[in-house]
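If you read the sequence from its start, that first residue is 1, and numbering goes on from there. Only this structure's heavy atoms are used, side chains among them; waters, hydrogens and symmetry mates stay out.
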Amino acid sequence: MSFLRIYEILATEDRRTQMRDTLADLADAVRAIDGCQSVEILEDSDLPDRYLFIERWADREAWSAGNPPKAVFQRLLAEAAGPPVMIVAFLSA
């Protein structure tokens, strides 16, 4: 059974390109954490400032034990229009 977390992240209009790069760096950092099964980044085709960051973990405990590097997360916060919003978390069979 996997644990999924989906976050909505809005980039500031002048930082779209940097946000894509930062999300890619964050995805690489998260993938390297024990228990992470996958990370996917989706860009909204109608709202180019909106991204979904989808993490799949072995279980809830693996997710709660893993921490991405603070420097990458701080870059994300600097480029975002606000803090990431978790829109869903669930276990999948």
Would you check if M19 and L76 make a side-chain contact, meaning some heavy-atom pair closer than 4.5 Å?
yes

Least distance between heavy atoms, I33 atom then G66 atom:
CG2-CA, 3.5 Å

Any donor-acceptor pair under 3.5 Å from R56 side chain to S2 backbone
no

How many angstroms lie between atom OG1 of T12 and atom CD of Q18, to the nearest 0.5 angstrom?
7.5 Å

Hphob cluster co-occupancy, L10 + F73, side-chain heavy atoms under 4.5 angstrom:
no

Taking the side chain as every heavy atom from C-beta outward, state whether R75 and D25 have any atom pair closer than 4.5 Å.
yes

Does atom CG of D14 have more than 12 heavy-atom neighbours, drawn from other residues, nucleotides or ligands, at distances under 6.0 Å?
yes

Is the number of heavy atoms from other residues, nucleotides or ligands under 6.0 Å of R5 CZ greater than 12?
yes

So which atom in D59 and which in F3 form the shortest heavy-atom distance, rounded to 0.1 Å?
C-CB, 3.6 Å

Approximate separation, where rounding is to 0.5 Å, of M86 CE and I9 CD1:
12.5 Å

To the closest 0.5 Å, what do you measure between CD1 (I6) and CD (E40)?
9.5 Å

CZ of R31 to CG of L26: how many Å apart, nearest 0.5 Å?
9.5 Å

For A27 against V39, the heavy-atom pair lying closest together:
CB-CG1, 3.6 Å

Of all heavy-atom pairs linking R16 and Y51, the shortest is O-OH, 3.4 Å

Inter-residue atom distance L23.CG - R20.CZ, 0.5 Å rounding
10.0 Å

Under 4.5 Å between side-chain heavy atoms, hopping through other hydrophobics if needed: is there a path connecting V85 to I54?
yes

Pairwise side-chain contact, W57 with V30, heavy-atom cut-off 4.5 Å (strictly under):
yes

Shortest non-hydrogen pair, A29 vs P69, comes out as CB-CD, 3.4 Å

Please report the shortest heavy-atom distance between I87 and E8, naming the atom on each side.
CG2-CB, 3.9 Å

